[in-house]
Each structure stands twice: as structure tokens, then as C-alpha cells.
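For ligands, and for the atoms within them, numbers begin at 1 and follow the listed sequence. Everything quoted here is computed from the prediction, not taken from an experiment.
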Amino acid sequence: MRVCVIGTGYVGLVTGVCLAHVGHHVICVDNNEEKVKLMKLGQSPIFEPGLSELMQSSTSSGCLEFSTDIGYGVETADILFIAVGTPSLPTGESDTRYVEAVAKGIGSHLVKGYKVIVNKSTVPIGSGDWVRLLVLDGIAERKKSSLENLDVNFDIVSNPEFLREGSAIYDTFNPDRIVIGSNSSKAIEMMQELYQPIIERKYSENSQLAAVPVVLTDLNSAEMIKYAANAFLATKISFINEVANICDRVGADVTQVAQGIGLDSRIGSKFLQAGIGWGGSCFAKDVSALIHTANDYGYDSELLKSAVSINHRQRLIVIEKLQYELKILKGKIIGILGLTFKPDTDDMRDAPALNIIEQLNRLGAKLKAYDPIVSQSGLSHAITGVTIESDAQRLADGCDALVLVTDWQEFLKLDYADMAKSMNQPLIIDGRNFLDPKKLESAGFRYVGVGR
Ligand code: NAD
Ligand code: UGA
């Protein structure tokens, strides 16, 4: 099938590359010329494991191309994905201006034939119908100013994305479900054909598994599924963090508690890792957007508001622990292990490290940091108030404490005994409960976790 993906960020580029890999012809469109230039050279503008390799193989097989020209993509493809960002406005509601620009752009380039327009971006409930109107406006404008006979027909689909950064390729080929929201049977049929290789698990790690469930819904329900999924996951993490804070007070170990409750199949073991809370580009903005939508309809979402406020407080829990251990932080040298919001990504959007750095700077601590990606990329220039070190050993040198903020696998294998020797005080605050306390203690550290 011929596909156009508009917006080549973490979602759009992965979607485009994976659909090309399964044999569709994909045009990835972005209005950022620098990004498109880079992608045409075979380089991924983002760090996502496995993405560059897949991108290069699909480009050389002729299935994948890049362009800044939305008109070319709209005219060529049958299925048009909108995958632009929907960040938060200061009010908490979703900023849909990029979706609006793309929908208008599609409308003003539709010429003839039938197209399926797919909202892949996470958008407020009701956006499917809104996009339909914007596209119709674009067509009407074109009709006014053109003598061409426009014979255009299209349907809207909501196809929310559930991939996680850092395992985006795996998640795309091994989804738990595919949600398709539309009132058009023709559009649904085309979407099912598009995803058929993935539904049949042809590219899955375990091709013996049953077919991927496809959830067919109306537009509004598909949009709500995306918000509800992220709100649930964010609330689940805030729940375990609440339990961790109680564990800290009563002398229980939240990692054992999480294991004990997670084995109950009604609860499930995933997303029960306590620590400094959730970050990233989506949980905060999507939970805020849902709270905002509820408010618009006169409903005060107390549960979701609590999930957000627990998460705010949780980020600063390492400061409380540092103050308890070191008393005065002014002039103390603190080493931050990990900066990105989670491992295996270069994404710093809403990273807890940023709040921790800001607060420690305010308290007069001297900060150093090491992150496997940030230390080696241009990203370090964007992070102020902290000296970026090139490795963990240099980071430890002269520190009064280390704070583990991101659970990068390589942090499991560091030579902690050597690091402890070069520190002023061998103290480690493990903000992700990621390290083995016994190993750290035998390496000479005083180990402090969250709720353990
Ligand atoms: P992003 O910011 O990484 O990428 C957005 C891209 O859109 C950028 O490359 C930008 O240049 C491009 N763009 C903006 N306006 C454009 C226009 N008019 N024409 C062409 N290109 C344009 O965003 P993202 O993280 O990929 O998120 C995209 C959407 O997917 C959001 O709604 C987000 O909530 C949702 N989502 C994200 C994730 C994730 O893991 N990041 C997962 C699921 C859903
Ligand atoms: C999340 C969802 O998991 C995806 O399904 C969704 O598509 C995506 O948001 C989105 O809409 O953008 P992502 O933000 O990439 O994916 O990463 P997660 O693995 O969900 O982690 C989010 C944050 O929660 C990270 O900061 C992580 O460290 C934290 N986390 C996660 C915990 O603190 N504890 C856990 O048990 C799990």
C-alpha cells in the first residue's frame, strides 16, 4: 500500500520505517528541513535502538523516502498518517496547532480519489471530527480558487500509538493490540490490510503467538483509549510510589511488596517499579489533557490530579534523602547518574533529572552528571547548571554523593568499588531501585533506595 506519514518524530519515523520494512511504500514528510536532509543521508535524527539500521535497509530497497513536500505525500499515498506533536499548553490542555496545520495542508492538497486520513498523534477526544472539518475547509478553499474538478473522497480513522521509546521497534512489531476507530468500513478494511503483516506476527519475536487483537471502535472511543491507557499507567506508577513512601516510614521493602502484589494476575507485575516517578513527553501531557477535558465537561478528576501531584513530589524525594544523609547541601558535590527520562532514548522531555538539577542548584550543590547518550551527544549543551562528564569513574571523583536517576543497563556493570574509593563520601541514592543494595554496600557504599 502507499502510505504517507506526516511528522517524523519518535512516533512518525518509527511508524514509517516499520511500515516500509513490512513492504509498504512509505513517504515520510516533515517540515523540518534539517531533519529531512539528515534522513535522506540515511541518518536518524533520534536515538532509538535498531531504527537507523531498519531505516537504511528500507531506503535502499526503495520502500522508504523522505520529503518536506506534503503535497507530494498527499497526492501519492492512499493512507495519510498525522503523527505531529501535541504538547501541553500552560493550561494543561493539548496544543493541537500542529495537527491543525497538517489537516489543513492535507485538505489543500487533496485532488482526486479516496484517501484514509489517520490520526496517529494523541489528540483530544473529538479531534477526529474536527480534523474532518479542517480537511473539508481546505478542499472548499481549493474549490473556490481553482477551476479543477476536485473529485475527492476521504474518511478519518483514529489509530492511537502505544509504543514506548527505547523499545519502539519491538513494540511496533509486537503490539498488545491495534486500535482502529472509524465509522467507515472501507477505511477500517484498508487499515486492517495495512497492518496485516503485523497482525499475523510475521515480524514478531514469537510468530507462534495468536494474531494481534484488533480493537474496532468509534472515533471518540479510540481517542479515549489512548488517554485512558496512559492515565492508567501513570496512576499505577504513582500508586506504587505512594506505597514506597509508606514502606519507607514503616520499614517495609517496596520491591518485595511489588513482587507480592504483581503476581496477582488482576494487578500484574509491570509498571510497579517505584522510584522518582514518571517523566517523558507523554504521561504528563496526556494526564493533564484528560484532566482538562474532564473539567470542560464539569467533572473534577480527583484521582488523576492526585497521580500528577504524587509524581511531582516523588521527583524531589532524592533531595529529601540527600538532605537527611548530608544535612547541608550547599557546596556539596553531587554526581547524577543518568539524565534522560528513561534508558535507551535521547529524549529529555520532562525528564525528572531536570527538576532534580534545578532544585539542587537552588540549594547550592555543585553538580556533575554522566549519561551514556547525553555525554556523547550535542544534547549536553542544552542542560545547564551541571558539568557533563565523559564516564562514570570521572563522575564519582570527589563526589559527596551519587544519585541514580535513569536505569541504564550499563549502570549495573560499573566498578562501584573503584568509584567509592575516589569519592569524598561513598553515598548513593538509587532513585530507580535499580542496583543491588548488598553489592553496593560490599563495594563500600552507603546505599539508599526509595521505599526499601
Ligand atoms: P515529536 O515532537 O518527536 O515529532 C513531531 C514531528 O512533527 C517533528 O519532527 C516535527 O518537525 C514534525 N512537524 C510538526 N509540524 C509539522 C508539519 N506541519 N508538517 C510536517 N511535520 C511537522 O513527537 P512524537 O514524540 O513523535 O509524538 C507525536 C505524537 O505521537 C504526539 O501526539 C504524541 O503524544 C504521540 N505519541 C508519542 C509517543 C512517544 O513515545 N513519543 C508514543 C505514543 C504516542
Ligand atoms: C509511555 C507508554 O508506556 C506508551 O505505551 C505510550 O505509547 C507512550 O508513553 C506515549 O504515549 O508517549 P514512554 O513514555 O516511552 O511510553 O516510556 P515508559 O516505559 O512508559 O516510561 C515512562 C516513565 O515512567 C519513565 O520515566 C519511566 O522511568 C517511568 N516508570 C516506568 C516508572 O517510574 N516505573 C515503572 O514501573 C515504569
Worksheet item: Just by modelled atom types, is the Gly385 backbone N or O under 3.5 Å from a matching donor or acceptor in the Asn361 side chain?
Response: yes
Fill in: contact_flag Lys226 ligand 2 heavy-atom lt 4.0 Å
yes
Item to complete: Can you pull out the closest protein heavy atom to atom 30 (N) of ligand 2? Residue, atom name and distance to 0.1 Å, please.
Response: Ile237 CD1, 3.5 Å
Discussion item. Please check whether Thr122 reaches ligand 2 - meaning an N/O of the residue sits under 3.5 Å from an N/O of the ligand, judged on distance alone.
Written reply: no
Fill in: Min side-chain heavy-atom separation Arg164-Tyr10 under 4.5 Å
no
Discussion item. Side chains of Ser94 and Leu89, heavy atoms from C-beta outward: is any pair under 4.5 Å?
Written reply: no
Worksheet item: Which residue holds the protein heavy atom closest to atom 28 (O) of ligand 2, what is that atom called, and what is the gap in Å?
Response: Arg432 NH1, 3.2 Å
Item to complete: Answer yes or no: is there a donor N or O on one side and an acceptor on the other, between the side chain of Arg201 and the main chain of Ala210, under 3.5 Å?
Response: yes
Worksheet, complete the sentence: If you scan protein heavy atoms around atom 12 (O) of ligand 2, the nearest is Cys282 SG, 2.6 Å
Discussion item. Heavy-atom distances under 4.0 Å decide this one: backbone, side chain, both or neither, for Thr406 against ligand 2?
Written reply: neither
Item to complete: Would you check if the side chain of Glu48 reaches a backbone N or O of Gly166 as a donor-acceptor pair within less than 3.5 Å?
Response: yes
Worksheet item: When the ring planes of Phe445 and Tyr416 are compared, do they come out parallel, tilted or perpendicular, using 30° and 60° as the limits?
Response: perpendicular
Discussion item. Determine whether a donor-acceptor pair (N or O, by modelled atom type, separation under 3.5 Å) exists between the side chain of Ser67 and the backbone of Asp69.
Written reply: yes
Item to complete: Decide whether an N or O pair under 3.5 Å exists between Leu163 and ligand 2.
Response: yes
Item to complete: Please say whether Ser281 places an N or O atom under 3.5 Å from an N or O atom belonging to ligand 2.
Response: no
Worksheet item: What about the rings of His21 and Phe173, do their centers lie closer together than 6.0 Å?
Response: yes
Worksheet item: Distance-only, no hydrogens or angles: does the Arg432 side chain make a donor-acceptor pair with backbone N or O of Val405 under 3.5 Å?
Response: yes
Worksheet item: What protein heavy atom is closest to atom 20 (O) of ligand 2, reported as residue, atom name and distance in Å?
Response: Phe271 CZ, 3.2 Å
Item to complete: Compile the protein residues with any heavy atom at a distance under 4.0 Å from an atom of ligand 1; present them by chain, then by number.
Response: Ile6, Gly7, Thr8, Gly9, Tyr10, Val11, Asp30, Asn31, Asn32, Lys35, Ala83, Val84, Gly85, Thr86, Tyr98, Val102, Ser121, Thr122, Glu161, Leu163, Glu165, Lys226, Ser281, Cys282, Lys285, Arg349
Worksheet item: How does Asp407 reach ligand 2, if at all, at less than 4.0 Å between non-hydrogen atoms: by side chain, backbone, both, or neither?
Response: neither
Worksheet item: Do Tyr114 and Met190 come within less than 4.5 Å of each other through their side chains, counting heavy atoms only?
Response: yes
Worksheet item: Are the side chain of Ser108 and the backbone of Gly105 linked by a donor-acceptor contact shorter than 3.5 Å?
Response: yes
Item to complete: Using distance alone, determine whether Gly279 and ligand 2 share an N or O pair under 3.5 Å.
Response: yes
Worksheet item: Below 4.5 Å, heavy atoms only, C-beta onward: do Phe434 and Leu404 meet side chain to side chain?
Response: yes
Discussion item. Students should be able to answer this: which protein heavy-atom is nearest to atom 34 (N) of ligand 2, and at what distance?
Written reply: Gln273 O, 2.9 Å
Worksheet item: Is there a donor-acceptor contact under 3.5 Å from the side chain of Trp408 to the main chain of Pro343?
Response: no
Worksheet item: Relative to ligand 2, is Glu161 under 4.0 angstrom through side chain, backbone, both or neither, heavy atoms considered?
Response: backbone
Item to complete: Under 4.0 Å from a heavy atom of Asn230: give me the atoms of ligand 2 that qualify, with their elements.
Response: 2 (C), 6 (C), 9 (O), 10 (C), 11 (O)
Worksheet item: Who pairs with Phe162 by ring-ring contact (aromatic ring centres under 6.0 Å, His included), at least two apart in sequence or on another chain?
Response: none
Worksheet item: Counting distance only, does the side-chain N/O of Asp371 pair as donor-acceptor with the main-chain N or O of Thr340 below 3.5 Å?
Response: yes
Item to complete: Report the nearest protein non-hydrogen atom to atom 15 (O) of ligand 2: residue, atom name, distance rounded to 0.1 Å.
Response: Glu165 N, 2.8 Å
Worksheet item: Arg164 to ligand 2: N or O pair under 3.5 Å?
Response: no
Response to the item:
heavy-atom search around atom 5 (O) of ligand 2 in the protein gives Phe162 O, 2.8 Å
Fill in: Contact with ligand 2 for Gly275, non-hydrogen, under 4.0 angstrom
no
Worksheet entry | Atom indices of ligand 2 within 4.0 angstrom of Gly277 heavy atoms, with elements | 33 (O)
Item to complete: Have a look at Phe283, Phe341, Tyr10, Phe434 and point out the one with the heavy atom closest to atom 13 (P) of ligand 2.
Response: Phe341
Worksheet item: With a 4.0 Å heavy-atom cut-off (strictly under), which part of Lys342 contacts ligand 2: side chain, backbone, both or neither?
Response: side chain
Discussion item. Can you confirm whether Ile180 sits close enough to Val215 that some side-chain heavy atom of one is under 4.5 Å from a side-chain heavy atom of the other?
Written reply: no
Discussion item. Give me the nearest non-hydrogen protein atom to atom 24 (O) of ligand 2 as residue plus atom name, then the distance to 0.1 Å.
Written reply: Trp278 CB, 3.4 Å
Worksheet entry | Side chain Asp286, main chain Asn230, donor-acceptor under 3.5 Å | no
